[in-house]
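Below: one structure, written as structure tokens.
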Amino acid sequence: MAKEKVDLLIKNAHELATPSSVGDRYDPKGLVIISDGAISVDEGRIVAVGKTSAIEQHFKSETVIDASGRLVTPGFVDAHTHVIFAGTREEEFESRLQGLSYMDILAKGGGILKTVRETRKASKEQLIETARKTLDIMLKYGTTTVEVKSGYGLTTEDEVKCLEAAQELDREHPIDIVTTFLGAHAVPPEYEGETDGYVSLITEEMIPKIAKGRLAEFCDVFCENGVFNIEQSRRILKTGKEFSLKPKIHADELSSLGGAELAASIRATSADHLLFASNRGLKAMIKENVVPVLLPLASFSLMTGKYADARGIIRMGGRTALGTDFNPSCWSESMQMAIAFACRKLRLTQTEAIVAATIGAACAVGRSRDVGSLEKGKRADIVIFNIPNHMFLGYKFGVNLVYKVLKNGEVVVDCQEE
Ligand code: NIG
Ligand code: FE
């Protein structure tokens, strides 16, 4: 039988590990493990996955990558980030080490509001230049799709600037970017004491403009005591939905406000953080198919010792997703680090954490039909690691384990052996 010629073969992988999915359904506890695995790729898409002997029987290619001794997985999907901003906040980290809380700092005009002042001053080009470096690091650590929120502009013009920056990066950078409008990230100083007035600006001006310009797929809210309450959050997410922006929500991160319940009642795509979510709220979310996005690095950075109840969520039948929550107060680009913390602090197994970092996160950003697993027809977004099997992910941490990253079948990161 004549062999089919394809653009690329990856073969001899010590272990190939991937979730298997049908649409947005998959087993949150299961990876398909193929020893001596191989993948054939053509025109940027996966053609077949299987044992090296079987793949070699059917396919040939002039380009072959030998993955002997190594682990092959889908590219990571980072389900929650705030990549577009100017400036840094190392002095805030020092204040937090001295005992000030995240919300005290925000109430004093620091935190998010400091980043807002700096982001407003920056041009779109400056924001792109800074974010490009962040994306370069994410890609080197194995992330091939990332959700990016606005939220440091907080005027119509500055929010548009941030989302346009994200979209330009999507076009120029190998990483695929999914954009989320987060005008409701904080109440800007010009609306201090007039949160409802700012909510009206969001619903009457920002959302219509962002939807018309197709600048975002999702609409998000920081639903929190002292920021946006449940009713204000509902108003924003409902208006977003009317304009075809799918709802996401920063829910119950610092207090138990009922964000998880709101996510369920509005049928959000995801509810993120969930440190203080009630069992009732989590159950309602899971029933409505809302994806819980877990961000253990954000908990680690907050230093309150509080983490989401991931085991409870899994027991209730929830499909978890992981993200870095990369932002100026949680500065890590690495999904490998998120996995290491998910294992230690959320008590996910390596398998659960890898599923959450791939197909789970793809579901949370509405991309599960295209990425998140190594399956026929999906994008050839593939990571080859300098480790022999999936149990090393999470186990060996704090260094980059990546050997090569492929995006749409092209090698975009090529690291030498450590
Ligand atoms: O996901 N909590 C709100 N938003 C971000 C933090 C943003 C910031 O501190 O700049 C979060 O944790
Ligand atoms: Fe966030």
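Any value given below was found using the heavy atoms of this structure, including those in side chains, with hydrogens, waters and symmetry copies removed. Counting convention: from 1, in listed order, for ligands and their atoms alike. Numbers here simply count residues along the sequence, with the first being 1.
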Using the six-membered ring wherever Trp is involved, compare the ring planes of [X] and [Y] and label them parallel, tilted or perpendicular (cut-offs 30° and 60°).
X    : Y    : answer
F397 : F341 : perpendicular
F326 : W331 : perpendicular
Y152 : H185 : perpendicular

Of the N, O or S atoms in H80, the one nearest the Fe ion (ligand 2):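 Looking at H80, the N, O or S atom with the least distance to the Fe ion (ligand 2) is NE2.
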Pair E15 + R70: basic N to acidic O under 4.0 Å: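 Judged by the 4.0 Å cut-off on N to carboxylate O distance, E15 and R70 do not form a salt bridge.
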Residues forming a salt bridge (Lys or Arg N to Asp or Glu O under 4.0 Å) with R311, sequence neighbours excluded: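 E352.
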Which residues share a salt bridge (Lys or Arg N to Asp or Glu O under 4.0 Å) with D381, sequence neighbours left out: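 D381: salt bridge (Lys or Arg N to Asp or Glu O under 4.0 Å) contacts with K407.
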Presence of N, O or S from H82 under 2.8 Å of the Fe ion (ligand 2):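 Short answer: yes, at least one N, O or S atom is under the cut-off.
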Output, or 'none' if empty, a list of ligand 1-protein atom pairs in which both atoms are N or O and the distance is under 3.5 Å, rounded to 0.1 Å.
from: ligand 1; atom 1: 1 (O); to: H80; atom 2: NE2; distance (Å): 3.4
from: ligand 1; atom 1: 1 (O); to: H82; atom 2: NE2; distance (Å): 3.3
from: ligand 1; atom 1: 1 (O); to: H250; atom 2: NE2; distance (Å): 3.1
from: ligand 1; atom 1: 1 (O); to: H273; atom 2: NE2; distance (Å): 2.9
from: ligand 1; atom 1: 1 (O); to: D325; atom 2: OD1; distance (Å): 3.0
from: ligand 1; atom 1: 1 (O); to: D325; atom 2: OD2; distance (Å): 2.9
from: ligand 1; atom 1: 2 (N); to: E253; atom 2: OE1; distance (Å): 2.8
from: ligand 1; atom 1: 4 (N); to: H185; atom 2: NE2; distance (Å): 2.9
from: ligand 1; atom 1: 9 (O); to: R89; atom 2: NH2; distance (Å): 2.8
from: ligand 1; atom 1: 9 (O); to: Y102; atom 2: OH; distance (Å): 2.5
from: ligand 1; atom 1: 9 (O); to: S329; atom 2: OG; distance (Å): 3.1
from: ligand 1; atom 1: 10 (O); to: R89; atom 2: NH1; distance (Å): 3.0
from: ligand 1; atom 1: 10 (O); to: R89; atom 2: NH2; distance (Å): 3.3
from: ligand 1; atom 1: 10 (O); to: Y152; atom 2: OH; distance (Å): 2.6
from: ligand 1; atom 1: 12 (O); to: E253; atom 2: OE2; distance (Å): 3.3
from: ligand 1; atom 1: 12 (O); to: D325; atom 2: OD2; distance (Å): 2.9

Identify all side-chain donor-acceptor contacts of residues 279-298 below 3.5 Å with residues at least two apart in sequence or on another chain.
from: E288; atom 1: OE1; to: R267; atom 2: NE; distance (Å): 2.8
from: E288; atom 1: OE1; to: R267; atom 2: NH2; distance (Å): 3.4
from: N289; atom 1: OD1; to: R319; atom 2: NH2; distance (Å): 3.4

